[in-house]
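Read the structure below first, then the notes.
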Amino acid sequence: MFIRSIHLENFRNYGRLDLDVGPSVNIFYGNNAQGKTNLVEGIYVASSITSHRTSKDSDLIKFGENEYKVSLDLSDDDGSNVQMSSCYYTEKSSLSKYSRAGRILIRDNAPVDKVSEYIGVCNIVIFAPEDLNIVKNAPAYRRKFLNTLISKISPSYFNLLSNYSKLLAQKNALLKSIKSSQNMPEMIDQQLDFWDFSLAELSAEIILKRFKFAKLISDTASKHHGSISGGKENLSIEYSTVYGAVGALEAFLNENCKYDEFMHKGLSESDYGRIKGILSDLVLSKLKSVRSYDIDKHISSIGIHRDDIIIKLDGLAMKNFSSQGQQRTAALALKLSELEIIKMFVSSTPILILDDVFSELDKTRRMSLVSAMKNAQIFITCTDRNMIGEEIDVMEGADKAEFYCVDNGKIEKMA
Ligand SMILES: Nc1ncnc2c1ncn2[C@@H]1O[C@H](COP(=O)(O)OP(=O)(O)OP(=O)(O)O)[C@@H](O)[C@H]1O
Ligand SMILES: [Mg+2]
């Protein structure tokens, strides 16, 4: 699948942009703060709904406006046309029916009600300076990395997550309204029993997916890391979730000799039911054990909303012990692993975006990045078109590269 044209309306510093792009390498250059990242962010948002650099949709609306729209016209691998567009509006927009912010997703001229039916249509992997956050910042960045990857491959996972978030928000609202765990009405206790049971059921399914993908990331990222760093250090990833859950899952898989089946084919329905039951019972008992504490503190102190993946270099957590250069190499290895895993599960080659990444990487890392990009449509941003020299020579499709100059929210195709 490749993008034929990009359309932005009131998105960041673009009032309106309609741009045809080439099927192989597209290079956008221009001075700082002209709209290069905004353009690739627009492409990413049109396919994935969320931005790679902010979780606030309202930040994406052009200053002074009340809605943005981002659209892509694509060609599928069989040559058919695909159109997708995402529009977000604030409560002040004329599109808002009940004075509430909202979103309209459209695919091939028909509205799409479920996000899960939109996000897997066109897979884009973005390499950006923000990738460093995955290694060095808070667990939320690593959860986002894991969630984005799994949702692209398994849209039903997105539904699990959004159901979990809705239930958790309802439970948290209830926890905030209870004054203390002493003298709590029986009815509230029963209501909490209901939320906890439902949360535990969803948690078990989410843990099973996250465990599997964390293992896949660990294997593939470690391989990429080895080839970038010359095999001097060993990168590994460990999934961290509700205490005892990983141990229980590993024990089940090992005792029943189901590890390979789980990783490669998927468990049978009955085995899946058994392990799901074990995990949901475990999560439920943990939730009950902290109930009084959670009521008194008005929080949900335990649950998969606190999950993390611990990134280790030679057994030490990178967040605490690594240098900037080691963090950059690990971030690149993680993103290359994302690309490899998507290719394992999805038939069409993902579209790639490289936002200002060449200037941050040394030659070995730049070449590792470029050599992973075969047969893909690529969007590259940089401040100087001459910055990309050797890299472009080894890139497939480089002879057909298209250049565009970005200047204050306007884009001109160059010879
Ligand atoms: N919501 C918005 N509405 C209007 N302008 C915005 C909005 N958000 C950001 N901008 C403007 O967009 C510009 C930054 O654009 P962008 O991040 O795409 O720059 P860039 O070309 O990638 O620059 P650099 O080379 O520094 O990375 C800034 O001038 C910023 O004020
Ligand atoms: Mg930029």
Side-chain angles (χ1 to χ4, degrees), residues 3 6-19 21 25-72 85-96 101-104 124-134 137 141 324 328 331-332 335 351-361 365-366 369 378-389 391-392 401-414:
I3 300 171
I6 303 156
H7 308 273
L8 307 180
E9 280 173 54
N10 293 334
F11 186 85
R12 294 281 198 186
N13 68 333
Y14 291 92
R16 179 162 192 115
L17 176 83
D18 297 289
L19 184 71
V21 289
V25 182
N26 295 279
I27 298 171
F28 296 87
Y29 64 92
N31 291 337
N32 296 131
Q34 299 305 308
K36 300 181 297 295
T37 299
N38 294 346
L39 170 77
V40 291
E41 186 181 34
I43 299 174
Y44 190 76
V45 170
S47 77
S48 314
I49 302 174
T50 53
S51 159
H52 68 291
R53 57 174 180 172
T54 177
S55 53
K56 276 178 77 186
D57 285 297
S58 54
D59 288 354
L60 304 176
I61 301 175
K62 189 172 197 285
F63 299 145
E65 302 291 339
N66 293 315
E67 64 267 321
Y68 75 72
K69 186 173 171 195
V70 284
S71 315
L72 300 176
S85 74
S86 169
C87 163
Y88 174 82
Y89 52 83
T90 67
E91 64 282 1
K92 293 196 196 117
S93 163
S94 56
L95 296 170
S96 173
R103 193 187 308 284
I104 302 167
I124 297 188
V125 177
I126 185 162
F127 294 78
E130 288 79 8
D131 295 342
L132 210 50
N133 286 326
I134 304 169
N137 224 315
Y141 289 93
Q324 283 273 356
R328 266 189 227 292
L332 179 59
K335 295 297 290 191
I351 295 165
L352 303 173
I353 293 174
L354 312 185
D355 182 25
D356 213 4
V357 285
F358 285 130
S359 59
E360 308 240 342
L361 300 174
R365 296 191 197 119
R366 288 203 298 269
L369 183 54
I378 308 176
F379 295 88
I380 298 174
T381 74
C382 53
T383 44
D384 180 351
R385 72 181 273 176
N386 299 319
M387 261 166 86
I388 306 172
E391 292 82 13
I392 193 154
E402 315 258 16
F403 288 85
Y404 310 80
C405 178
V406 184
D407 182 20
N408 195 20
K410 301 264 181 297
I411 300 187
E412 194 183 340
K413 194 167 169 189
M414 308 306 278

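Order of listing sets the numbers, starting from 1, for every ligand and every atom in it.
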Closest non-hydrogen atom pair between Asp59 and Arg12, with its separation: O-NH1, 3.4 Å
4.0 Å heavy-atom contact, Val406 with ligand 1: no
Which residue and heavy atom of the protein sit nearest atom 15 (O) of ligand 1, plus the separation: Asn38 ND2, 3.0 Å
Any protein heavy atom nearer than 4.0 Å to atom 2 (C) of ligand 1: yes
Close side-chain approach of Asp57 and Tyr68, heavy atoms under 4.5 Å: yes
Atoms in ligand 1 flagged as close to Gln34, the criterion being non-hydrogen separation under 4.0 Å: 19 (O), 20 (P), 21 (O)
Under-2.8 Å protein N/O/S neighbours of the Mg ion (ligand 2), ordered by chain then residue number: Thr37 OG1
Atom 31 (O) of ligand 1 - nearest protein heavy atom and its distance: Phe63 CE1, 4.3 Å
Location of contacts on Ile61 toward ligand 1, heavy atoms closer than 4.0 Å: backbone
Closest approach of any protein heavy atom to atom 26 (O) of ligand 1, naming residue and atom: Asn32 ND2, 3.1 Å
Distance in Å, Ile353 CD1 paired with Glu41 CD, rounded so as to fall on 0.5 Å steps: 10.0 Å
Geometric N/O contact Asp59 with ligand 1, under 3.5 angstrom: yes
Contact (N/O only, under 3.5 Å) between Leu39 and ligand 1: no
Gly30 touching ligand 1 at heavy-atom level, < 4.0 angstrom: no
Polar contact flag, side-chain donor to acceptor under 3.5 angstrom, Asn38-Tyr14: no
Nearest heavy-atom neighbours spanning Asn26 and Tyr404: OD1-OH, 2.7 Å
Protein heavy atom at shortest distance from atom 4 (C) of ligand 1: Arg12 O, 3.2 Å
Side-chain (Lys69) to main-chain (Asn10) donor-acceptor, under 3.5 angstrom: no
Within 6.0 Å of CZ in Phe403, more than 12 heavy atoms from elsewhere: yes
Donor-acceptor contact below 3.5 Å, side chain Ser48 vs main chain Val45: no
Donor-acceptor contact below 3.5 Å, side chain Ser96 vs main chain Ala101: no
Residue and atom name of the nearest protein heavy atom (relative to atom 23 (O) of ligand 1), distance in Å to one decimal: Ala33 N, 2.7 Å
Donor-acceptor pairs under 3.5 Å, side chain of residues 27-35 to any protein atom, not counting sequence neighbours: which ones?
from: Gln34; atom 1: OE1; to: Asn408; atom 2: N; distance (Å): 2.6
from: Gln34; atom 1: NE2; to: Asn32; atom 2: O; distance (Å): 3.0

Numbering as shown, the atoms of ligand 1 that approach Lys62 to under 4.0 Å (heavy-atom distance): 3 (N)
Over 12 foreign heavy atoms within 6.0 Å of CD, Glu91: yes
Element-labelled atoms of ligand 1 that are located less than 4.0 Å from some non-hydrogen atom of Thr37: 17 (O), 18 (O), 20 (P), 22 (O), 27 (O)
Nearest atoms (heavy-atom pairs only) where Ile3 meets Ile351: CG1-CD1, 3.7 Å
Proximity to ligand 1 by part of Arg53, non-hydrogen separation under 4.0 Å: side chain
Closest non-hydrogen atom pair between Phe127 and Asp131, with its separation: CA-OD2, 3.4 Å
